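Okay, structure first, notes after.
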Amino acid sequence: MTFRNISRLLPSWLGGQKKKSKQDDPPPHKRDSFLETMESFVVAFILAFIFRAYVVEAFVIPTGSMAPNLLGEHAEFQCPNCSYRYEVNLPPDPACPLCHTRVHSAEHAVGRFFGDRILVVKYMYDLFDPQRWDVVVFKFPSDPQQNYIKRLIGLPGEKVEIIDGDIYINDEIAAKSERAQETLWMPVYDTKYWDWAHDPRWRPAEDQQGRWQYQEPPIKLEAVGDGPARIDYHHLGPDFEPEPIKDNYAYNGGRSGVNIVTDLNLVADVTVQQSGSVSLIIRTDHDVFSFVFPSAGTGLQSQIIRN
């Protein structure tokens with residue numbers, strides 16, 4: 001504190017009367033600054049209201065019908081068996097999507113979260129036509145106060161069918177765009193998360209037990225010797241019985257697992273140490289697809305063979 005400030009306080013300490021000066025009144029430029037600040041707040045509020053009404057509006061995802069891309073209010077669990085983390089709709093009915101281990105108590109949740117938030121551009125379809133697989137927000141016809149957030153499947157004049165879990169448009173199957181596929185993949189099995197309670201699903205063929213060596217976890221299979229060597233994938237359902245891959249998804253609990261899934265995505269690291277090739281074979285109800293990957297230096301190209 002400077003000497004000048006102390007001297008200004010002395011009269012009050014001594015019981016004297018301090019004379020009011022013009023310096024004690026707020027300067028005019030401070031009053032103008034306050035009015036300008038209030039005016040800026042009002043203008044910003046009006047612009048935000050107009051922006052929300054006509055340009056962009058924020059929405060909160062209310063339910064889990066758009067999982068796994070957009071989640072409603074949910075909890076996150078970590079599987080006590082394989083340590084995989086996954087989301088579950090509230091109220092929780094948790095079961096690990098990889099090894100199907102069920103956690104019966106919500107107390108095991110490692111986190112609880114509100115619904116995802118999205119920003120919706122309102123003028124988009126004034127400039128562009130709607131595209132299949134777009135995520136759209138619309139008013140529910142029976143209750144205009146209720147907003148629905150869904151993925152666009154059918155366009156005007158089209159016939160839409162769901163057959164064996166596949167979308168058909170005008171009697172032809174509709175392949176999802178790459179952008180839609182990237183957001184819709186759901187985990188089925190991952191060798192990074194070791195299932196301690198059950199045998200590995202990737203197993204040597206019955207007559208080739210001695211042709212493969214296991215390293216675990218994570219699982220690593222090494223072919224031994226010359227000639228063809230085959231491993232098979234054995235899928236397990238929620239009851240731990242062999243079954244086709246279905247649309248089981250932990251987020252929706254027991255309200256899934258009805259349709260057989262035919263869109264499959266396999267990611268693996270494969271090393272061919274000798275001159276040869278690796279073949280991936282996928283069997284469906286009607287077809288057998290073979291994907292052949294030759295080793296480097298053979299001069300052969302990769303192939304996709306149907307039946």
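From a predicted model like this one, the values you see are computed outputs, not experimental measurements.
A salt bridge links Arg132 to Glu158: at least one charged side-chain nitrogen sits closer than 4.0 Å to a carboxylate oxygen. A salt bridge is absent between Asp232 and Arg203; no separation between the charged side-chain nitrogens and carboxylate oxygens falls under 4.0 Å. Salt-bridge check for Arg179 with Asp134: passed, with a basic side-chain N closer than 4.0 Å to an acidic carboxylate O.
Taking hydrophobic clusters as Ile, Leu, Val, Met, Phe, Trp and Tyr residues chained together by side-chain heavy-atom distances below 4.5 Å, Leu152 shares a cluster with Leu119.
The number of heavy atoms from other shown groups lying within 6.0 Å of CG (Asp269) does not exceed 12. For Leu266, the CG atom sits in a packed shell: over 12 heavy atoms of surrounding residues, nucleotides or ligands are nearer than 6.0 Å. Other residues, nucleotides and ligands contribute more than 12 heavy atoms inside 6.0 Å of the CZ atom of Phe138.
Between Leu236 and Phe240 the shortest heavy-atom distance is CD2-O, 3.8 Å. Smallest separation of non-hydrogen atoms from Ala174 and Ile169: CB-CG1, 3.7 Å.
Here Tyr189 and His235 keep their ring centres 6.0 angstrom or further from each other.
Arg151 contributes a side-chain N or O that, together with a main-chain N or O of Trp133, makes up a donor-acceptor pair within less than 3.5 Å. When atom types are taken as modelled, the side chain of Glu87 and the backbone of Glu76 share no donor-acceptor pair closer than 3.5 angstrom. Side-chain atoms of Asn170 come within 3.5 Å of backbone N or O of Lys159 as a donor-acceptor pair.
Exactly one residue among Val135, Asp116, Val120, Val136 makes a side chain to side chain contact (heavy atoms under 4.5 Å, CB included) with Ile149. That residue is Val135.
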